[in-house]
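The structure appears below as C-alpha cells.
This is a predicted model, so every value here is computed, not measured.
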Amino acid sequence: MRRSSRILLISIVLLISGCLAAPPHEAVRSGPGPFPENCEGLVRDFLKIHLQNPESLKDFAIHKPPEKVAIDSNHPLIPLRKGQQVWETFVLYDEKTDTGEYNGRDLHVVWIRFNRIVAFDYKGTELEYRFEQRMENPGY
C-alpha cells in the first residue's frame, strides 16, 4: 500500500510540474515576427502537405495580404494566448473532393508567426471558430 501511495504522489507531482512548465519558446516571443514576404509560398507548401488531393489545387489567390492582428482569445493547442499577435491572411482556392469534383472556390484563414503557419482555418483551436462566425460576431 505504501508503494502505491508513493507512485501516486510522484505521478501527481509530475503532472502538476508539467502544467506549470513554461510554454514553448515561440509562445513567449513578443510580436508576430517579421512580415511574411513569402506568404504565398508558405501557404502553397502547407497545402501540398495537408490537402487530400494536392495536385487538384487551382484558382489559388491571396484574398487579403498579411495583416498584424492580436489574438482575441486563448488558443492552448497552437499555443497562442489572448493578446499575442499573428500575421493573418485570407486565401482562396479550389480543390477536388473525394468524388473527384471541384467543390468551388472557398475562403480560408491563415495565421503566421515567425514565418511559420501556426493555424489554418482555426483548426486545432476551436472547431466552431470559423470565418463566418467571426464576421457575424465581432470580438467573439
List the steps and the verdict of side chain to side chain contact (heavy atoms under 4.5 Å, CB included) for Val86 and Val69.
CA-CA 6 Å; Val86 296; Val69 297; 3.6 Å; yes
If you look only at pairs with a residue in residues 53-64, which of them pass as a salt bridge (Lys or Arg N to Asp or Glu O under 4.0 Å), with sequence neighbours excluded?
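Those involving residues 53-64 are Lys64-Glu67, Lys64-Glu88.
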Who passes salt bridge (Lys or Arg N to Asp or Glu O under 4.0 Å) against Arg105, sequence neighbours left out?
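Applying salt bridge (Lys or Arg N to Asp or Glu O under 4.0 Å) to Arg105 gives none.
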Do the side chains of [Y] and [X] get nearer than 4.5 Å, heavy atoms only?
| X | Y | value |
| --- | --- | --- |
| Glu95 | Asn103 | yes |
| Pro65 | Thr89 | no |
| Phe114 | Pro34 | yes |

Identify whether [X] and [Y] are in the same connected component of the hydrophobic contact network (ILVMFWY, side-chain heavy atoms under 4.5 Å).
| X | Y | result |
| --- | --- | --- |
| Val110 | Leu51 | yes |
| Ile62 | Ile117 | yes |
| Leu107 | Tyr102 | no |

Taking only residues two or more places apart in sequence or in another chain, which ones pass ring-ring contact (aromatic ring centres under 6.0 Å, His included) with Phe35?
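ring-ring contact (aromatic ring centres under 6.0 Å, His included) list for Phe35, sorted by chain: Trp87.
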Short question: side chain of Arg113, backbone of Gln85 - any donor-acceptor pair under 3.5 Å?
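Checked: pair present.
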Would you mind telling me which of Asp45, Ile49, Val43 makes a side chain to side chain contact (heavy atoms under 4.5 Å, CB included) with Leu47?
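Exactly one pass, corresponding to Val43.
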Over all atoms of both residues, closest heavy-atom pair of Lys68 and Pro32:
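Lys68 and Pro32 have their closest heavy atoms at CG-CG, 3.7 Å.
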Quick check for you: to the nearest 0.5 Å, what is the distance between Leu42 atom CG and Glu37 atom CD?
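Rounded to the nearest 0.5 Å, the CG-CD separation comes out at 11.0 Å.
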Does the side chain to side chain contact (heavy atoms under 4.5 Å, CB included) test come out yes or no for Leu57 and Arg44, once each step is laid out?
CA-CA 9 Å; Leu57 179 67; Arg44 282 184 180 273; 4.2 Å; yes
Taking the six-membered ring where the residue is Trp, are the ring centres of His108 and Tyr93 under 6.0 Å apart?
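Centroid separation for His108 and Tyr93: below 6.0 Å.
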